Number of protein chains: 2
Amino acid sequence: MAENLNNKENCNPNYNPLDPVFNVLQGKWKNQVLFEIIALKSARFGQLTRAIPKITNTMLSTTLRELEKDGLITRKQYNEIPLRVEYSITEKGKDLLPVYYEMYKWGIKYQKE
Amino acid sequence: MAENLNNKENCNPNYNPLDPVFNVLQGKWKNQVLFEIIALKSARFGQLTRAIPKITNTMLSTTLRELEKDGLITRKQYNEIPLRVEYSITEKGKDLLPVYYEMYKWGIKYQKE
DNA sequence: CGGCATCCTTTCTGATACTG
DNA sequence: CAGTATCAGAAAGGATGCCG
């Protein structure tokens with residue numbers, strides 16, 4: 001796998017299957033938000049702001065839209081009064097769990113001090 | 001809300017074993033550099049600049065120092081003329097391969113279009 | 001309730017020049 | 001060869017206010 005990245009002097013942006021994962025998970029809040037939604041199955045905007053105390057409206061909104069654009073979550077709006085919006089995880093989102101699991105094991109192993 | 005009784009928003013970031021992985025792999029060049037070093041077993045500074053055409057001295061230098069600080073690579077300097085420096089992967093660095101492998105599988109599965 | 005618009009601060013990246 | 005110093009521009013993150 002490592003060799004895939006090793007074609008020298010190729011100036012084309014050689015396609016790398018790792019890139020989408022990093023792109024999709026980059027950003028200060030991506031994982032926290034995604035994990036909350038996974039954990040809660042389905043979550044509302046306000047629920048997420050409470051679950052992630054330091055996040056601002058702006059960043060939660062941005063993060064949710066990016067996760068949705070990348071197909072990791074879906075947004076469902078109920079036109080009630082007051083407005084209700086539910087975010088839930090997709091298959092594509094759930095399929096990231098093996099990645100997280102390996103990260104988790106690595107994190108545990110090298111948990112330092 | 002009677003939050004004046006509960007003035008403290010909780011400041012303890014509940015420890016998450018995923019965080020170190022993301023911290024360690026964040027940055028535009030981390031993975032490319034790490035993968036080159038894995039692929040080449042051991043690599044010199046100039047070798048890396050040639051292998052990663054668009055990287056600048058500044059960014060390569062910064063990236064290498066961070067990877068070293070995080071224990072993913074080691075730096076060995078030979079005081080020859082001209083100076084020679086070899087970067088090589090550590091066990092801790094190699095142990096990230098399962099993470100990359102899962103990312104790779106996900107990337108393949110959801111390779112788009 | 002669930003946001004978006006605006007403006008501002010901080011962090012990251014990169015071009016250029018120079019050194020042991 | 002293998003970097004560091006400096007500075008400027010770009011991008012990411014955040015505070016505040018308003019609206020359907």
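Chain identifiers are assigned alphabetically (A, B, ...) following the order of the sequence lines, protein sequences preceding nucleic acid strands; residue numbering begins at 1 within each chain. As the structure is a prediction and not an experimental result, all values here were calculated from the model.
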Check the distance between [N]'s [atom2] and [X]'s [atom1] and give it to me in whole angstrom.
X       : N      : atom1 : atom2 : value
B/Leu60 : D/dC1  : CG    : C1'   : 13 Å
B/Met59 : C/dT16 : CE    : C1'   : 16 Å
B/Gln26 : D/dA11 : CD    : P     : 17 Å
B/Lys76 : D/dC1  : NZ    : C1'   : 17 Å

> Under 30°, 30 to 60°, or over 60°: which ring-plane class applies to A/Trp106 and A/Tyr110, parallel, tilted or perpendicular?
Replying inline: tilted
> Parallel, tilted or perpendicular: which describes the rings of B/Tyr100 and A/Phe22, with under 30° parallel and over 60° perpendicular?
Replying inline: tilted
> Between the side chain of B/Lys30 and the main-chain N/O of B/Val24, is any donor-acceptor distance below 3.5 Å?
Replying inline: yes
> Under 4.0 Å between a side-chain N/O of B/Trp29 and OP1 or OP2 of C/dC12, yes or no?
Replying inline: no
> Given C/dT11, is OP1 or OP2 found less than 4.0 Å from the side-chain N or O atoms of A/Lys28?
Replying inline: no
Are there any protein N/O atoms within less than 3.5 Å of an N/O atom in nucleotides 1-4 of chain C, and if so, which ones and at what distance?
unit_1: C/dC1; atom_1: O3'; unit_2: A/Arg44; atom_2: NH2; d: 3.2
unit_1: C/dC1; atom_1: O3'; unit_2: A/Leu83; atom_2: O; d: 3.4
unit_1: C/dG2; atom_1: OP1; unit_2: A/Arg44; atom_2: NE; d: 2.9
unit_1: C/dG2; atom_1: OP1; unit_2: A/Arg44; atom_2: NH2; d: 3.2
unit_1: C/dG2; atom_1: OP2; unit_2: A/Gly46; atom_2: N; d: 2.8
unit_1: C/dG3; atom_1: OP1; unit_2: A/Arg75; atom_2: NE; d: 3.4
unit_1: C/dG3; atom_1: OP1; unit_2: A/Arg75; atom_2: NH2; d: 2.8
unit_1: C/dG3; atom_1: OP1; unit_2: A/Tyr87; atom_2: OH; d: 3.3
unit_1: C/dG3; atom_1: OP2; unit_2: A/Tyr87; atom_2: OH; d: 2.4
unit_1: C/dG3; atom_1: N7; unit_2: A/Asn57; atom_2: ND2; d: 3.1
unit_1: C/dC4; atom_1: OP1; unit_2: A/Arg65; atom_2: NE; d: 3.3
unit_1: C/dC4; atom_1: OP2; unit_2: A/Ser61; atom_2: OG; d: 2.1
unit_1: C/dC4; atom_1: OP2; unit_2: A/Arg65; atom_2: NE; d: 3.4

> Between A/Leu72, A/Ile73, A/Leu60, which is the residue that forms a side-chain contact (heavy atoms from CB on, under 4.5 Å) with A/Val33?
Replying inline: A/Leu60
>> Check this for me: does any side-chain nitrogen of one of B/Glu102 and B/Lys105 sit under 4.0 Å from a carboxylate oxygen of the other?
In response: yes
>> Quick check: do B/Phe45 and B/Val85 have side-chain heavy atoms less than 4.5 Å from each other?
In response: no
